[in-house]
Amino acid sequence: MNNRVINFGAGPAMLPDSVLQRAAVEMLNWRGTGMSAMEIGHRSPLFQNFLAEVNAKFRKLLAIPINYKILFLPGGGKGQFAAVPMNLLPLGASADYLDTGVWSNLAIEEAQQYGKINIVASGAESHYYSVPERKTWKLNPQAAYFYYCPNETIAGVQIHSIPQVDVPLVADLTSCLGSSSLDMSRFGVIFAGAQKNLGQAGVTVVIVRDDLLNQAQAITPSILDYTQQVNNHSCVNTPPTYAIYIFDLMLDWLAEQGGVSAIEKSNRYKAKMLYAYIDESNFYRNLVDPTYRSIMNISLTLPTEALTQQFLATATNHGFVGLKGHKKIGGIRVSLYNPITESMVVKLVEVMRSFAKTG
Ligand code: PMP
């Protein structure tokens, strides 16, 4: 794998070499079937048993309590922006949303199609580099649920403690699920596309507390209806079978790393190393309020646009890809998802350091 680059992109993200190698080895004969995992009928006992196995493995790894159902659905994070209100917002009711950046903003826009949305507070004034203080939130005690995005992938803004609210808590964990331990009992529903910390695009993990089922709006398409998906073991239609297979390989890899608490420790260490260098550099700057700095996505600015472009070219020469900032904010963005190792971050910091001196 000499040509392999280090992909610091925000997703689809890189996968560990060992996971790709295992997928390659199993490509022509998965579990003695003489087929790849993508060629197996989803209703076959083999695949149904496999789904149950992945479900149990994931539940154990993330310590998900028994009163929650785990679903593997198509439609991505964005599909869930619609699915959440369709499943949890009865006609005439209202839901609370915290606006902290591009992704929660898009979730608000989508949810407004299906019901009344109360924006409890917005980070827009800080250009989404900070989060409004809890005491300023205008909560509705009758809200059907409270929705937020714990890690805003674009600016790299992370809410590190779970908000205390009196209604079911819903969270978009697309860019952080599986990167750190999770107290699921605090949430009503969470969802995440797998393409960042847990595998490839195509499968979205949805975890729903039992008491929140059976209240979908009548217009809800069956593939987005949590209750129908629970009753059909995520097989209302053909599920993204190969993406679920890669997800399973990632769960095995995660277990080999020592599980979620070990990967969390490493993720925190990687981010600490990078922020420490940025802060001492007097060259790179991270504009995020230090309280909300993300451990997954770190956005940076350089003194000029020309230097930014030069840095990206230098990075490419060193075999680093995916560092260009999101088009909405420019600059550089470093994503440090699970498969990025500590030594990869050391290499990046070395290149950043030498560029700041000579670049
Ligand atoms: N939420 C967050 C936090 C994201 O980062 C993304 C994708 N980058 C999405 C939702 C949308 O996910 P998808 O493209 O799978 O619909």
Side-chain angles (χ1 to χ4, degrees), residues 7-15 71-87 97-113 117 122-123 128-129 131 145-160 162-163 169-180 182 187 189-207 221 223-224 234 239-240 242-244 246-247 250 267 271 288 292-299 321-329 333-340:
N7 181 1
F8 289 102
M14 72 182 292
L15 292 170
L71 298 170
F72 301 112
L73 303 185
K78 229 170 172 186
Q80 290 306 308
F81 293 174
V84 164
M86 283 179 163
N87 281 277
Y97 276 66
L98 180 63
D99 176 26
T100 52
V102 172
W103 293 110
S104 48
N105 212 260
L106 286 169
I108 289 168
E109 269 179 26
E110 192 82 29
Q112 282 168 335
Q113 318 272 335
I117 301 305
S122 171
Y128 295 118
Y129 285 120
V131 175
Y145 60 88
F146 174 96
Y147 177 105
Y148 82 118
C149 179
N151 188 66
E152 286 279 2
T153 321
I154 290 179
V157 166
Q158 189 161 16
I159 300 172
H160 296 282
I162 302 173
L169 190 56
V170 178
D172 169 6
L173 278 93
T174 295
S175 48
C176 54
L177 184 65
S179 68
S180 53
L182 173 79
F187 295 92
V189 172
I190 64 165
F191 65 86
Q195 67 269 27
K196 300 179 193 284
N197 285 296
L198 293 169
Q200 67 163 81
V203 62
T204 312
V205 183
V206 180
I207 308 176
I223 58 162
L224 294 183
S234 304
Y242 198 73
I244 296 171
I246 294 289
F247 179 84
M250 277 303 288
N267 284 336
V288 176
Y292 298 104
R293 282 178 159 184
S294 170
I295 64 162
M296 292 275 97
N297 312 97
I298 300 178
S299 59
V321 300
L323 285 166
K324 193 168 185 292
H326 191 278
K327 60 182 185 302
K328 282 197 191 284
I329 61 169
R333 175 174 49 175
V334 185
S335 295
L336 300 176
Y337 299 130
N338 289 345
I340 296 287

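Counting starts at 1 for both ligands and their atoms, following the listed order.
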If you have a sec, work out which protein heavy atom is nearest atom 3 (C) of ligand 1 and how many Å separate them, to one decimal?
Thr153 OG1, 3.3 Å
Could you check whether any side-chain N or O of Glu152 sits under 3.5 Å from a backbone N or O of Ser104, counting only pairs where one atom can act as donor and the other as acceptor?
yes
Could you identify the single nearest non-hydrogen protein atom to atom 14 (O) of ligand 1 and state the distance to 0.1 Å?
Gln195 NE2, 4.0 Å
In this structure, does ligand 1 have an atom that sits under 4.0 Å from one of the heavy atoms of Leu106?
no
Closest non-hydrogen atom pair, Ser299 against Ala155
OG-O, 2.7 Å
May I ask you to decide if Ala192's main-chain N or O and Thr174's side chain share a donor-acceptor pair within less than 3.5 Å?
no
Parallel under 30°, tilted from 30 to 60°, perpendicular over 60°: which one fits the rings of Phe81 and Trp103?
tilted
Would Phe247 and Phe72 count as a close aromatic pair, with their ring centres under 6.0 Å?
yes
Specify side chain, backbone, both or neither for Ala10, according to which of its non-hydrogen atoms lie closer than 4.0 Å to ligand 1.
neither
With rounding to the nearest 0.5 Å, note down the distance linking CG in Leu73 to CZ in Phe191.
11.5 Å
Numbering as shown, the atoms of ligand 1 that approach Gly76 to under 4.0 Å (heavy-atom distance):
15 (O), 16 (O)
Note: Ala111 and Tyr97 closest approach over all heavy atoms is CB-OH, 3.3 Å
Side chain or backbone, does Gly77 bring an N or O within less than 3.5 Å of an N or O on ligand 1?
yes
How does Ile154 reach ligand 1, if at all, at less than 4.0 Å between non-hydrogen atoms: by side chain, backbone, both, or neither?
neither
Starting at CE of Met86, measure out to CD of Glu110 and round the result to the nearest 0.5 Å.
8.0 Å
Can you find a non-hydrogen atom of Cys149 under 4.0 Å from ligand 1?
yes
Taking 4.0 angstrom as the limit and counting only heavy atoms of Asn151, give me the atoms of ligand 1 inside it, by number and element.
3 (C)
Nearest-contact summary for atom 16 (O) of ligand 1 - protein heavy atom, Å
Lys78 N, 2.8 Å
For Ser175 against Thr153, the heavy-atom pair lying closest together:
OG-OG1, 2.8 Å
Would you mind checking which non-hydrogen protein atom is closest to atom 10 (C) of ligand 1, with the distance to 0.1 Å?
Asp172 OD2, 3.4 Å
What is the nearest protein non-hydrogen atom to atom 11 (C) of ligand 1, stated with its residue, atom name and distance?
Trp103 CZ3, 3.5 Å
Region of Lys196 that comes within reach of ligand 1 [heavy atoms, distance under 4.0 Å]:
side chain
